[in-house]
*Asks:* 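Okay, handing you the structure first.
What's counted below: heavy atoms across the whole structure, side chains too, no hydrogens, waters or symmetry copies. Given the structure is predicted, the values throughout are model-derived calculations rather than measurements. In the text below, chain A, chain B and the rest are named by the order of the sequence lines, each starting its count at 1.
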Protein chains: 2
Amino acid sequence: MSKSPAACDVGAPEGLECCVPLAREPITPAQADGVVPMLKAIADPARLRLLSLVLSHEGGEACVCDLLPYFDLSQPTISHHLKVLHDAGLLHREKRGTWVYYIARPEAMRALGSLFTAAPSPVPSAALAGAGA
Amino acid sequence: MSKSPAACDVGAPEGLECCVPLAREPITPAQADGVVPMLKAIADPARLRLLSLVLSHEGGEACVCDLLPYFDLSQPTISHHLKVLHDAGLLHREKRGTWVYYIARPEAMRALGSLFTAAPSPVPSAALAGAGA
DNA sequence: CATCGACATCGATCAATGTCGATGTCCGTC
DNA sequence: GACGGACATCGACATTGATCGATGTCGATG
């Protein structure tokens with residue numbers, strides 16, 4: 001949806017409602033629908049590992065051929081999982097010559113992290129605490 | 001619990017491999033299998049809202065009857081979702097008289113958050129950066 | 001231009017999941 | 001002890017999702 005997030009403009013993808021400390025107040029159905037696709041994307045062993053492999057790979061990027069050896073899955077299956085991660089806004093896709101490189105999107109990582117932890121960088125302490133508005 | 005995690009004893013439930021900064025090094029298949037059930041549990045709009053409702057409810061706890069009015073879903077369905085959250089180790093279940101109260105488990109919240117936020121201590125993971133650094 | 005290698009798409013299959021109504025269990029109350 | 005309310009379990013159904021082999025697309029190379 002095309003609303004303007006108040007503070008915290010991390011440059012989120014489409015449905016990325018960032019700054020949603022889950023415990024502060026009930027997440028709205030719309031917010032939930034915005035975050036759930038990202039959670040669904042990583043709620044799979046292969047995809048969580050793929051994301052971690054990309055994140056921890058040299059330069060923070062990896063091509064499909066780098067990732068394939070880590071799995072017993074077929075190449076189409078890996079390609080499918082990468083597409084799911086990409087469609088969810090977690091991975092950036094970049095074609096260079098014959099190879100396709102995937103790079104994690106820091107905004108997405110931060111958005112996910114902010115669900116469970118007191119907001120890390122922006123609005124430090126008061127966010128999670130008893131901050132009454 | 002059978003195995004002893006190195007540092008960081010947050011008192012995790014069964015498969016809770018904590019302290020797994022996703023970007024530090026590739027998460028192992030075993031670690032992924034440990035965390036994925038929790039992610040699967042919250043990768044649903046109803047369940048994510050349920051967790052948020054419990055977390056933000058007065059006292060950090062809520063009975064089923066408190067939660068039902070927020071949804072268009074049937075009572076068995078809500079009960080089912082709460083069971084999924086409970087089985088994943090995210091919610092604690094406590095029966096008091098006629099009512100059943102659910103309470104979020106802080107260890108689980110922390111474990112999930114630690115997946116995406118740079119670990120407090122070592123090597124600020126240049127991979128994720130572009131942000132903090 | 002023919003070929004090869006890297007990656008994506010397609011179509012099919014089988015398992016997992018969200019949802020419901022009906023029913024069961026337990027507790028408090030009359 | 002019978003009733004009613006709160007919550008869980010059961011069985012059924014439709015939908016989603018993970019996986020594969022086969023095939024398509026595109027760039028590099030000879």
Side-chain angles (χ1 to χ4, degrees), chain A residues 15 27 29 32-33 35-54 57 59 61-104, chain B residues 15 29 32-33 35-54 57 61-104:
Chain A
I27 190 175
D33 288 338
V35 185
V36 157
M38 290 193 294
L39 292 172
K40 274 192 194 300
I42 59 171
D44 177 277
R47 287 198 293 265
L48 186 62
R49 288 184 60 209
L50 279 170
L51 178 61
S52 180
L53 284 166
V54 168
H57 199 262
E61 62 178 32
C63 69
V64 183
C65 57
D66 289 329
L67 302 169
L68 280 178
Y70 288 94
F71 297 87
D72 280 337
L73 302 172
S74 68
Q75 175 265 324
T77 298
I78 296 296
S79 189
H80 161 71
H81 284 314
L82 288 169
K83 175 179 169 54
V84 172
L85 287 167
H86 176 257
D87 289 349
L90 295 176
L91 288 185
H92 173 69
R93 205 184 101 109
E94 193 175 319
K95 185 155 192 173
R96 289 208 288 270
T98 306
W99 298 277
V100 172
Y101 285 82
Y102 285 92
I103 301 103
Chain B
D33 289 339
V35 187
V36 157
M38 291 194 292
L39 292 172
K40 274 191 194 300
I42 59 171
D44 176 277
R47 287 197 294 264
L48 185 62
R49 289 184 58 208
L50 280 170
L51 178 61
S52 181
L53 283 165
V54 168
H57 200 263
E61 63 178 31
C63 69
V64 183
C65 57
D66 289 329
L67 302 169
L68 279 178
Y70 288 94
F71 297 87
D72 280 339
L73 302 172
S74 69
Q75 174 266 321
T77 298
I78 297 297
S79 190
H80 162 70
H81 284 314
L82 288 169
K83 176 178 167 56
V84 172
L85 287 167
H86 175 257
D87 289 349
L90 295 177
L91 288 185
H92 173 68
R93 204 184 101 109
E94 193 175 318
K95 184 158 191 173
R96 290 209 286 270
T98 307
W99 297 277
V100 173
Y101 286 81
Y102 285 91
I103 302 103

*Asks:* Could you write out DNA chain D as dot-bracket? Rules: Watson-Crick or G-U wobble, both distances under 3.5 Å, brackets [ ] for crossings, | for pairs with another strand, dot for unpaired.
*Replies:* ||||||||||||||||||||||||||||||
*Asks:* For P45(B), which of L39(A), I27(A), V36(A) qualifies under side-chain contact (heavy atoms from CB on, under 4.5 Å)?
*Replies:* V36(A)
*Asks:* Whole angstrom is fine here: how far is it from NE2 in H86(A) over to P in dC7(C)?
*Replies:* 15 Å
*Asks:* Can you list the residues that meet the salt bridge (Lys or Arg N to Asp or Glu O under 4.0 Å) rule with K83(B), with sequence neighbours excluded?
*Replies:* D87(B)
*Asks:* Give the table of side-chain donor-acceptor pairs shorter than 3.5 Å for residues 67-79 of chain A, with sequence neighbours excluded, one pair per line with atom names and distance.
*Replies:*
from: S74(A); atom 1: OG; to: T77(A); atom 2: N; distance (Å): 3.4
from: S74(A); atom 1: OG; to: T77(A); atom 2: OG1; distance (Å): 2.9

*Asks:* Just to confirm, is there a sub-4.0 Å distance from OP1 or OP2 of dA6(D) to any side-chain nitrogen or oxygen of Y101(B)?
*Replies:* no
*Asks:* Looking at dA6(C), dC7(D), dA8(C), which one has an atom nearest to any side-chain atom of W99(A)?
*Replies:* dA6(C)
*Asks:* Report the distance from atom CG of L68(A) to atom P of dA6(C), rounded to the nearest whole Å.
*Replies:* 10 Å
*Asks:* To the nearest 0.5 Å, tell me how far M38(A) CE sits from L90(A) CG.
*Replies:* 6.5 Å
*Asks:* dA6(C) P sits how many Å from D66(A) CG, rounded?
*Replies:* 11 Å
*Asks:* Who passes side-chain hydrogen bond (donor to acceptor under 3.5 Å, both in side chains) against E94(B), sequence neighbours left out?
*Replies:* R96(B)
*Asks:* I'd like to compare against my own output: the B/S/- annotation of nucleotides 17-23 of chain D with a strict under-4.0 Å heavy-atom distance to protein.
*Replies:* SSBBBB-
*Asks:* Under 4.0 Å between any heavy atoms, over every strand shown, what does F71(A) touch: base, sugar-phosphate, or nothing? Just pick one.
*Replies:* nothing
*Asks:* For Y102(B) and E61(B), what are the C-alpha separation, side-chain angles and deciding distance, and is it a side-chain contact (heavy atoms from CB on, under 4.5 Å)?
*Replies:* CA-CA 6 Å; Y102(B) 285 91; E61(B) 63 178 31; over 6 Å; no
*Asks:* Enumerate all atom pairs, one protein N or O and one N or O from nucleotides 24-27 of chain C, separated by less than 3.5 Å.
*Replies:*
none

*Asks:* Can you tell me the distance, in whole Å, between the CG atom of D87(B) and the C1' atom of dA8(D)?
*Replies:* 12 Å
*Asks:* Which part of the nucleic acid, if any, lies within contact of R93(A), taking any heavy atom under 4.0 Å across all strands shown: a base, the sugar-phosphate backbone alone, or nothing?
*Replies:* sugar-phosphate
*Asks:* Can you measure L82(B) atom CG to dC7(D) atom P for me and round it to whole angstrom units?
*Replies:* 10 Å
*Asks:* Which side chain to side chain donor-acceptor pair (under 3.5 Å) pairs, counting each pair once, include a residue from residues 37-49 of chain A, with sequence neighbours left out?
*Replies:* R47(A)-H81(A)
*Asks:* Go through the structure and list residues passing side-chain hydrogen bond (donor to acceptor under 3.5 Å, both in side chains) with T98(B), not counting sequence neighbours.
*Replies:* none
*Asks:* Is there a side-chain contact between W99(A) and C65(A) in this structure, where contact means two heavy atoms from C-beta onward sitting under 4.5 Å apart?
*Replies:* yes
*Asks:* What is the distance from atom CG of L91(A) to atom CG of L50(A), rounded to the nearest 0.5 Å?
*Replies:* 8.0 Å
*Asks:* Where the side chain of K83(A) is concerned, which of dT9(C), dC7(C), dA8(D) is the nearest nucleotide?
*Replies:* dT9(C)
*Asks:* For the pair L82(A) and H86(A), evaluate side-chain contact (heavy atoms from CB on, under 4.5 Å) and give the outcome as yes or no after the intermediate values.
*Replies:* CA-CA 6 Å; L82(A) 288 169; H86(A) 176 257; over 6 Å; no
*Asks:* May I have the distance from E94(A) (atom CD) to dA6(C) (atom C1'), rounded to whole angstrom?
*Replies:* 16 Å
